[in-house]
There are 2 protein chains.
Amino acid sequence: MPKKVVTEAERRRRRPTRQGTVLSERLIVQTALRMLREHGAAGLSARRLGTALGADPSTVYRYFAGLDGLTRAIGEELMGRALDSWTATGTWRTDLRSLGLAIHASYLAHPQAAVLTASRVTGRPREIEVDETILGILRDAGFTDTDAVGIYHAFIDLALAFAALDAGALAIKDEVREADEHMWTSTYAHLPPTTHPHIAATAHLLADRMNHSAYPVLLDTLLNGADARLTSTRGQDV
Amino acid sequence: MPKKVVTEAERRRRRPTRQGTVLSERLIVQTALRMLREHGAAGLSARRLGTALGADPSTVYRYFAGLDGLTRAIGEELMGRALDSWTATGTWRTDLRSLGLAIHASYLAHPQAAVLTASRVTGRPREIEVDETILGILRDAGFTDTDAVGIYHAFIDLALAFAALDAGALAIKDEVREADEHMWTSTYAHLPPTTHPHIAATAHLLADRMNHSAYPVLLDTLLNGADARLTSTRGQDV
DNA sequence: CTTTAAGGTCTACGGCGTTGGCATAAGGAT
DNA sequence: ATCCTTATGCCAACGCCGTAGACCTTAAAG
């Protein structure tokens, strides 16, 4: 890499762009998010981002090590927003549930961005903060360290996996506009009972279900399992 | 699209390529899978695929409507392989569990391909076959239609979401080769207890956990929930 | 054996990520 | 106030990419 990427904290000079805008990591990330929202996942490119910023495309490389670095920063931003929108109550189950939903919602608010970032572990500050928070909730609730780590793992991966999956579905809908939307009422509803009896019998229910996320149900299932584990452990070693 | 895409069944003439190979959807999909495995997700391009096939890149467009169409065919292939590798025993819980693991494993066998396809619903035959199978298992087991559809939804989305998430992690590992692999033993292990007490306290456990998939645990959690639901329903209306 | 059109090939377009070199002005030192 | 250094924005260019349209060749239908 010929260009040295300088971290935001060390950045000293703030030379305005030819068109007058003053760049920053924050501005670039937010512009990228806006472009993703407006023009879809394929609408984000270094060149277009440059134009949108009123700067040369290559300038972005002074702030991020390639578009991949920008992508990770976007993920970090979404994770941060989830955390900011969340408040603790002190009840572990309530807090975990709302935190999971907050993460899911934060990503789904920017489906095109989520598709790019949700399956990446970045190790950046806000992401670590989320991890610390989850582990704290669990350990404070009385889970053993082993249980806490196991549940934490399932919890965070479930949230991220469904953020990615549901965002993918949303992003496609946004782009193909209904071409895909009626899949469950078109393709699946017209399968003959002779070859596909079970789909045919439940087609009306499927159409309803499949256009919503399965995440809340699975989250509750996970929390139920954790709850059971907690009470059984309490019974054992207290 | 200037090139009319002909379905495999209607294809009549099989003109060999300049270099002698005879093309088919199947050959193209398998070549693409091999390229993905050997050169990573970025290693698949129409041009490289053409060279690998001994054909002009644009020939691919006679078989698939763009690389996106090829991608969907690859997903269909992976789903088909999962189904072929699976055998029913007649016990709903055993069968669902093994089917879920088969889907997950089939995708993870080709992480780079899975990343591209796992979050796409294609509506192609083998995918529909899987859906019909799952619904059949559940309805035959005695679940009400409503429950069956709910569990089916959670089940298939869980499998696909984790196929995508875990494949993403694997694909990155394959490419960045350990740069990312030791994240949990490097970044997270060195966080000071003062700022991140919970991560610090469980760092040794985290490193173990985070390099494995949370999918089996969540799958079992889901099946537990389903089982409970089944017995409670039986109690009610039998 | 002729005809016809399927299907492989050629060429070209516009866009992409990224880089190395260059110019200029911001900010510290005097 | 002036100079100096160097951070940071700009430019031009490289080698890729997906894919459209015209063309050509040859398998098969009659």
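Here is the naming used below: chain letters follow the sequence lines, and residue numbers restart at 1 for every chain.
- Regarding L53(A), its CG atom lies at a distance of 16 Å from the P atom of dT8(D), rounded to whole Å.
- In this entry the distance linking CZ of F64(A) with P of dT18(C) reads 13 Å, nearest Å.
- The nearest whole Å value for the distance from the CG atom in L67(A) to the P atom in dC16(C) is 11 Å.
- When the nearest nucleotides of DNA chain C are assigned to L23(B) and R15(A) by heavy-atom distance, the more 5′-ward of the two goes with L23(B).
- The pair D56(A)-R18(A) does not count as a salt bridge, with every side-chain nitrogen at least 4.0 angstrom from each carboxylate oxygen.
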Evaluate side chain to side chain donor-acceptor pair (under 3.5 Å) for D157(A) paired with H153(A), printing each intermediate quantity in order.
CA-CA 6 Å; D157(A) 276 14; H153(A) 185 199; 3.3 Å; yes
Please list, for nucleotides 12-14 of chain D, all pairs of protein and nucleotide N/O atoms separated by less than 3.5 Å.
none

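- A donor-acceptor pair under 3.5 Å is formed between the side chain of T21(A) and the backbone N or O of L53(A).
- Within the 3.5 Å criterion, the main-chain N or O of L78(A) finds a donor-acceptor partner in the side chain of S106(A).
- A salt bridge does not link R72(A) to E76(A): none of the charged nitrogens lies less than 4.0 Å from a carboxylate oxygen.
- If you take CG of L44(A) and C1' of dG17(C), they are 12 Å apart, rounded to a whole angstrom.
- Dashed line: the shortest gap from a side-chain N or O of T17(A) to OP1 or OP2 of dG9(D) is not under 4.0 Å.
- Atom CG in L49(A) sits roughly 17 Å away from atom P in dG15(C) (whole-Å rounding).
- Y152(B) and D131(B) share a donor-acceptor pair across their side chains, judged by distance under 3.5 Å alone.
- Across dG7(C), dG21(C), dA23(C), the shortest atom-to-atom separation from the side chain of R62(B) is found for dG7(C).
- Salt bridge annotation for R124(B)-E127(B): absent, with no cationic side-chain nitrogen under 4.0 angstrom from a carboxylate oxygen.
- The residue among R48(A) and A55(B) whose nearest nucleotide of DNA chain C is located toward the 5' end is A55(B).
- Look at Y63(A) and you'll find a side-chain N or O under 4.0 angstrom from OP1 or OP2 of dG9(D).
- The residue among G54(A) and D68(B) whose nearest nucleotide of DNA chain D is located toward the 5' end is G54(A).
- Atom OH in Y61(A) sits roughly 18 Å away from atom P in dG21(C) (whole-Å rounding).
- Between the CE atom of M35(B) and the C1' atom of dC17(D) there is a distance of 13 Å, given to the nearest Å.
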